[in-house]
Amino acid sequence: MPELPEVETIARALAPGLVGRVVVGIEAPDRKVLAAPKTRAAWARAAAGRTVTAVSRRAKLLLVHLGPAPAPGSLPGAPDLDEDTLLFAFHLKMTGRFHIAPTDAPPPAYARLLVRLDDGQSLVFSDMRRFGTARLLTPQALSDWPFYATLGPEPWDMTPEAFEAALSRRTTRIKAVLLDQTVMAGIGNIYADESLFAAGIRPDTPAKSLSAGQRQKLLAAVQAVIGRAIAAGGSTIRDYRTPDGVEGGFQHQFTVYGKAGEPCPGCRAVLVAAKVAGRTSTFCPHCQK
DNA sequence: CATACGACCTGAGTGC
DNA sequence: TGCACTCAGGTCGTAT
């Protein structure tokens, strides 16, 4: 699913309906989504009575911030979840979606986790392919989570110097480096292909063989592409929607992603698809070197 | 340590 | 209509 621009769009759309609401219950029709803690009881006990204070994003994670419980502490079982503040950390993986829907309405298809709110609405996390995960944790536990702790900077926080250093020591292909969340966070298959086209770089080029100028151009391309995608509300290929069911708009600006066999928007040569880093990659064999 | 690749799931689309 | 097959926005565990 969703890469950085889609999760950012969702976070912005969810905030108005969630901030200030009190969690009155949790339901998990599919326990597989509960990555930590793993029991429904622990989720319900730790979250109930807490107020949503903010909705944010880091990399492709959606974070829902919760304030103190009315009567914190003293309950047995999971003392670390009696902290003043907790977070829901959702990873949407390929097909995760969010909905805000009336609690008394039938749940959306593939509903995996439902957060009942005090205004008669529910935040529903749905996920057809069941790759998505939800965590309920303290700010400290979030920082200690290895996936979170090893995330690289957001694209606009990446400095040319750090990008140069990361690429110059990698032997693998540049596409794999862009997809590596520990180098820079938030890039997935769509935005990797779009950025590589914008920078005129083939996806299978070894990272360390790029020139300094090419690396500079690539970082600028990533930042520009991600920025334009956020402005367009993300990209809808199939499943992605905002919580209101609205599609993104950036798919109409794709230059190469999903366009193998079509003419290159720059030179009209036929765009080519190849497997790079295990992912289908589309590029122009003429414009990208 | 870095890299490569199958596994995890369910469905949509294609071709026979 | 049915079946077999391929592909899909991401990460993780295991093998090399």
Side-chain angles (χ1 to χ4, degrees), chain A residues 1-11 29-36 57-62 89-98 108-113 125-135 145-152 155 165-196 203-209 222 225-226 229-230 232-242 247-254 256-261 273-282:
Chain A
M1 113 68 219
E3 308 179 25
L4 188 161
E6 290 74 36
V7 183
E8 178 67 27
T9 302
I10 291 168
D30 179 13
R31 245 172 50 111
K32 184 176 187 286
V33 73
L34 305 180
R57 178 198 59 75
R58 169 77 170 108
K60 300 170 192 171
L61 290 171
L62 184 93
F90 292 96
H91 200 305
L92 288 72
K93 296 287 176 77
M94 305 283 262
T95 54
R97 288 178 58 174
F98 285 96
Y110 312 111
R112 308 297 182 199
L113 182 71
F125 179 57
S126 69
D127 182 22
M128 183 186 80
R129 283 177 78 179
R130 305 176 73 211
F131 287 172
T133 57
R135 285 177 165 75
W145 176 22
F147 174 78
Y148 192 90
T150 58
L151 284 171
L167 298 208
S168 61
R169 83 170 83 91
R170 298 294 220 105
T171 59
T172 193
R173 294 159 292 187
I174 186 60
K175 170 91 179 245
V177 178
L178 288 181
L179 294 176
D180 185 340
Q181 302 298 295
T182 71
V183 172
M184 180 162 56
I187 312 302
N189 203 36
I190 294 173
Y191 300 109
D193 277 10
E194 291 295 310
S195 300
L196 286 164
D204 54 359
T205 310
K208 68 191 312 181
S209 76
V222 168
V225 166
I226 292 290
I230 292 173
S235 305
T236 296
I237 306 306
R238 51 204 318 139
D239 301 289
Y240 166 72
R241 297 288 187 286
T242 70
E247 296 193 355
F250 194 66
Q251 65 276 13
H252 303 302
Q253 297 181 49
F254 286 171
V256 292
Y257 178 81
K259 292 184 178 291
K275 284 273 184 210
V276 180
R279 316 295 300 279
T280 296
S281 306
T282 309

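The figures here come from the full heavy-atom set of this structure, side chains too, leaving out hydrogens, waters and symmetry mates. All chains are named by letter (A, B, ...) in the order of the sequence lines, taking the proteins before the strands, and each is independently numbered beginning at 1. These figures come from a predicted structure and were not determined experimentally.
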Write out the stems for DNA chain B, ordered by first number and formatted as range with range, counting runs of at least 3 consecutive Watson-Crick or G-U wobble pairs under 3.5 Å.
B:2-8 with C:10-16, B:10-16 with C:2-8
By the 4.0 Å heavy-atom rule, please label A/Tyr257 as base, sugar-phosphate, or nothing.
sugar-phosphate
Check: A/Phe98 ring centre within less than 6.0 Å of A/Phe90 ring centre
yes
Residues A/Asp193, A/Phe254; criterion side-chain contact (heavy atoms from CB on, under 4.5 Å); working and verdict:
CA-CA 9 Å; A/Asp193 277 10; A/Phe254 286 171; over 6 Å; no
Looking just at side-chain N and O atoms, do A/Ser235 and A/Tyr191 make a donor-acceptor pair shorter than 3.5 Å?
yes
Any chance you could list the contact pattern along nucleotides 9-15 of chain B? Use B for base contacts, S for sugar-phosphate-only contacts and - for none, protein heavy atoms under 4.0 Å, 5' to 3'.
BBSS---
Within the pair A/Arg173 and B/dT3, is there a side-chain N or O less than 4.0 Å away from OP1 or OP2?
no
Distance check: side-chain N/O of A/Thr280 vs OP1/OP2 of C/dC7, anything under 4.0 Å?
no
Nearest to the side chain of A/Thr171, which nucleotide is it out of B/dA4, B/dA2, C/dA8?
B/dA2
Within the structure provided, determine whether A/Ser195 and A/Ile187 are in side-chain contact (heavy-atom separation under 4.5 Å).
no
Is there a donor in the side chain of A/Asp127 and an acceptor in the side chain of A/Thr95, or the other way round, less than 3.5 Å apart?
yes
Would you kindly say whether A/Ser281 and A/Lys175 are connected by a side-chain donor-acceptor distance under 3.5 Å?
yes
So, A/Gln251 side chain and A/Thr236 main chain: donor-acceptor pair closer than 3.5 Å or not?
yes
Contacts under 3.5 Å, N or O only, protein and nucleotides 11-13 of chain C:
unit_1 : atom_1 : unit_2  : atom_2 : d
C/dT11 : OP1    : A/His91 : NE2    : 2.7
C/dT11 : OP2    : A/Lys60 : NZ     : 2.8

What's A/Asp127 touching, base or sugar-phosphate or nothing? Going by heavy atoms closer than 4.0 Å.
nothing
